[in-house]
Protein chains: 2
Amino acid sequence: MERKPDNCRVEDALGILVGKWKPIILLYLLQEGTKRFSELKRNMPGITQKMLTKQLRELEDEDIIRRVVYPQVPPKVEYSMTDYGRSLEPILEAMHEWGEKHTEHKAKEEQNQLKSSS
Amino acid sequence: MERKPDNCRVEDALGILVGKWKPIILLYLLQEGTKRFSELKRNMPGITQKMLTKQLRELEDEDIIRRVVYPQVPPKVEYSMTDYGRSLEPILEAMHEWGEKHTEHKAKEEQNQLKSSS
DNA sequence: TGCTATAGTATACAAAAAGATACTATTGGA
DNA sequence: TCCAATAGTATCTTTTTGTATACTATAGCA
């Protein structure tokens, strides 16, 4: 990594991944393939419709996911990863792995604090 | 990636990396090693002292960077990556690479839009 | 006729992140 | 005696994110 901060493109990836629900949406779609709006919602207890819609729209605007509307009533809308979106997988995977190590790390830290305070 | 969203640890990494200046700070320290507060500030035009201090404290609390105070006047405080912090490098690297591809991708998209609107 | 299901909007509000600006302590040197 | 340098705090304001809640359209069905 020999580059200047001014050509740092880390922010681009970060901008796409950031948002309380985006990583969860992306991992879900990566694992499960195509999903309807209602299935996404069911899978994310606590999310509001507005939030889910917003996150999906943002991901769609970045060409990370695809939105397909079926002209039916009641409506049916399906979401899936684009090929381009799938290219985020290594990042998500790296983050997930790091996150698991981090959990251990925090556990150890707490252990140390207990020792030193007793 | 065959896991349930409820054991998704992506958020942990995200929580550490998110912040307008954190990736820049981390890449800088990874590349340049130990740096003083004033050097960090000089390297990030636009950041306020308050912001820099806050981001550094948060990274320190997570054991990602180390803060060493020299009892001098005027004060001297040095920051550097911890070993643990260096374990974030693959993620930052993956993000950087993706970001570069993203820049091309966006350029192509704009080309296509120009074509289709002419 | 009125209810259900689905995928949303619209509006108001609360909380978190970021920015602007002013202030502090201390010592060596002019 | 007063100024410069360094690494901060303390407040206040603005912007961005996220939450809560209510509302909409429409085909099919009882």
Side-chain angles (χ1 to χ4, degrees), chain A residues 5 8 10-26 28-29 32-62 64-81, chain B residues 5 8 10-26 28-29 32-62 64-81:
Chain A
C8 157
V10 169
E11 311 272 4
D12 294 322
L14 214 55
I16 284 171
L17 261 22
V18 167
K20 195 169 169 189
W21 306 93
K22 281 182 192 166
I24 300 174
I25 294 171
L26 294 177
Y28 186 56
L29 289 179
E32 309 289 325
T34 302
K35 287 288 157 188
R36 296 182 63 167
F37 185 85
S38 52
E39 293 176 296
L40 287 164
K41 187 152 180 285
R42 220 170 299 130
N43 192 253
M44 281 162 244
I47 199 171
T48 59
Q49 301 226 144
K50 188 195 162 192
M51 259 297 121
L52 181 52
T53 304
K54 204 183 146 213
Q55 310 280 290
L56 289 170
R57 286 290 179 289
E58 287 172 12
L59 291 169
E60 192 196 353
D61 289 346
E62 296 281 11
I64 304 300
I65 63 175
R66 187 179 3 257
R67 176 170 178 267
V68 180
V69 182
Y70 296 85
Q72 306 177 350
V73 167
K76 177 177 171 184
V77 180
E78 282 184 344
Y79 293 91
S80 55
M81 298 297 286
Chain B
C8 157
V10 168
E11 312 272 4
D12 294 321
L14 215 54
I16 283 172
L17 261 21
V18 166
K20 196 169 170 189
W21 305 94
K22 281 182 192 167
I24 301 174
I25 293 171
L26 294 177
Y28 186 55
L29 289 179
E32 308 289 324
T34 302
K35 286 287 158 189
R36 297 182 60 166
F37 184 86
S38 54
E39 294 175 294
L40 287 164
K41 186 151 182 285
R42 220 170 299 131
N43 193 255
M44 281 162 243
I47 199 172
T48 59
Q49 300 225 144
K50 187 198 160 189
M51 260 298 124
L52 182 51
T53 303
K54 203 184 147 217
Q55 311 279 291
L56 289 170
R57 287 292 178 287
E58 287 171 12
L59 291 169
E60 193 196 352
D61 289 347
E62 296 280 12
I64 305 300
I65 63 174
R66 187 179 1 258
R67 177 170 177 265
V68 180
V69 183
Y70 295 85
Q72 305 176 352
V73 168
K76 177 177 172 183
V77 179
E78 283 185 344
Y79 293 91
S80 55
M81 298 297 285

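Quick note on labels: first sequence line is chain A, next is B, and so on, each numbered from 1.
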Identify all pairs in which a protein N or O lies below 3.5 Å from an N or O of nucleotides 10-12 of chain C, and state each distance.
{"from": "dT11(C)", "atom 1": "O4", "to": "Lys50(A)", "atom 2": "NZ", "distance (Å)": "3.4"}
{"from": "dA12(C)", "atom 1": "N6", "to": "Lys50(A)", "atom 2": "NZ", "distance (Å)": "3.2"}

Rounded to whole Å, CD of Glu11(A) lies from C1' of dA17(C) at a distance of 14 Å
Short side-chain N/O contact to dG19(C) OP1/OP2 from Lys54(B), under 4.0 Å
no
Applying side-chain contact (heavy atoms from CB on, under 4.5 Å) to Val18(A) and not counting sequence neighbours gives Leu14(A), Val18(B)
Can you list every pair that meets side-chain hydrogen bond (donor to acceptor under 3.5 Å, both in side chains) and has a residue in residues 10-25 of chain A, with sequence neighbours left out?
Arg9(A)-Asp12(A), Lys22(A)-Glu58(A)
Test side-chain contact (heavy atoms from CB on, under 4.5 Å) applied to Lys76(A) - qualifying residues, sequence neighbours left out
Arg36(A), Tyr70(A), Gln72(A), Glu78(A)
So if I take every side-chain heavy atom of Lys20(A) and compare against dG18(D), dG19(C), dA20(D), which nucleotide ends up nearest?
dG18(D)
May I ask you to test the Thr34(B)-Tyr79(B) pair for a side-chain heavy-atom distance under 4.5 Å?
no
Using modelled atom types only, decide if a donor and an acceptor are shared between the side chain of Arg66(B) and the backbone of Met81(B) within a distance under 3.5 Å.
yes
Expected rows: protein N/O vs nucleotides 1-7 of chain D N/O, under 3.5 Å:
{"from": "dT6(D)", "atom 1": "O3'", "to": "Arg36(B)", "atom 2": "NH2", "distance (Å)": "3.1"}
{"from": "dT6(D)", "atom 1": "O3'", "to": "Pro75(B)", "atom 2": "O", "distance (Å)": "2.7"}
{"from": "dA7(D)", "atom 1": "OP1", "to": "Arg36(B)", "atom 2": "NE", "distance (Å)": "3.0"}
{"from": "dA7(D)", "atom 1": "OP1", "to": "Arg36(B)", "atom 2": "NH2", "distance (Å)": "3.0"}
{"from": "dA7(D)", "atom 1": "OP1", "to": "Val77(B)", "atom 2": "N", "distance (Å)": "3.2"}
{"from": "dA7(D)", "atom 1": "OP2", "to": "Ser38(B)", "atom 2": "N", "distance (Å)": "3.0"}
{"from": "dA7(D)", "atom 1": "OP2", "to": "Ser38(B)", "atom 2": "OG", "distance (Å)": "2.9"}

Mind checking side-chain contact (heavy atoms from CB on, under 4.5 Å) for Arg42(A) and listing every partner two or more places apart, or none if nothing turns up?
Ser38(A), Glu39(A)
Between Met51(B) and Thr53(A), whichever has its closest DNA chain C nucleotide further toward 5' is Thr53(A)
Could you state the interatomic distance from CD1 (Ile24(A)) to CG (Leu52(A)), rounded to the nearest 0.5 Å?
11.0 Å
Between the NZ atom in Lys41(B) and the OG1 atom in Thr53(B), the distance rounded to the nearest 0.5 Å is 9.5 Å
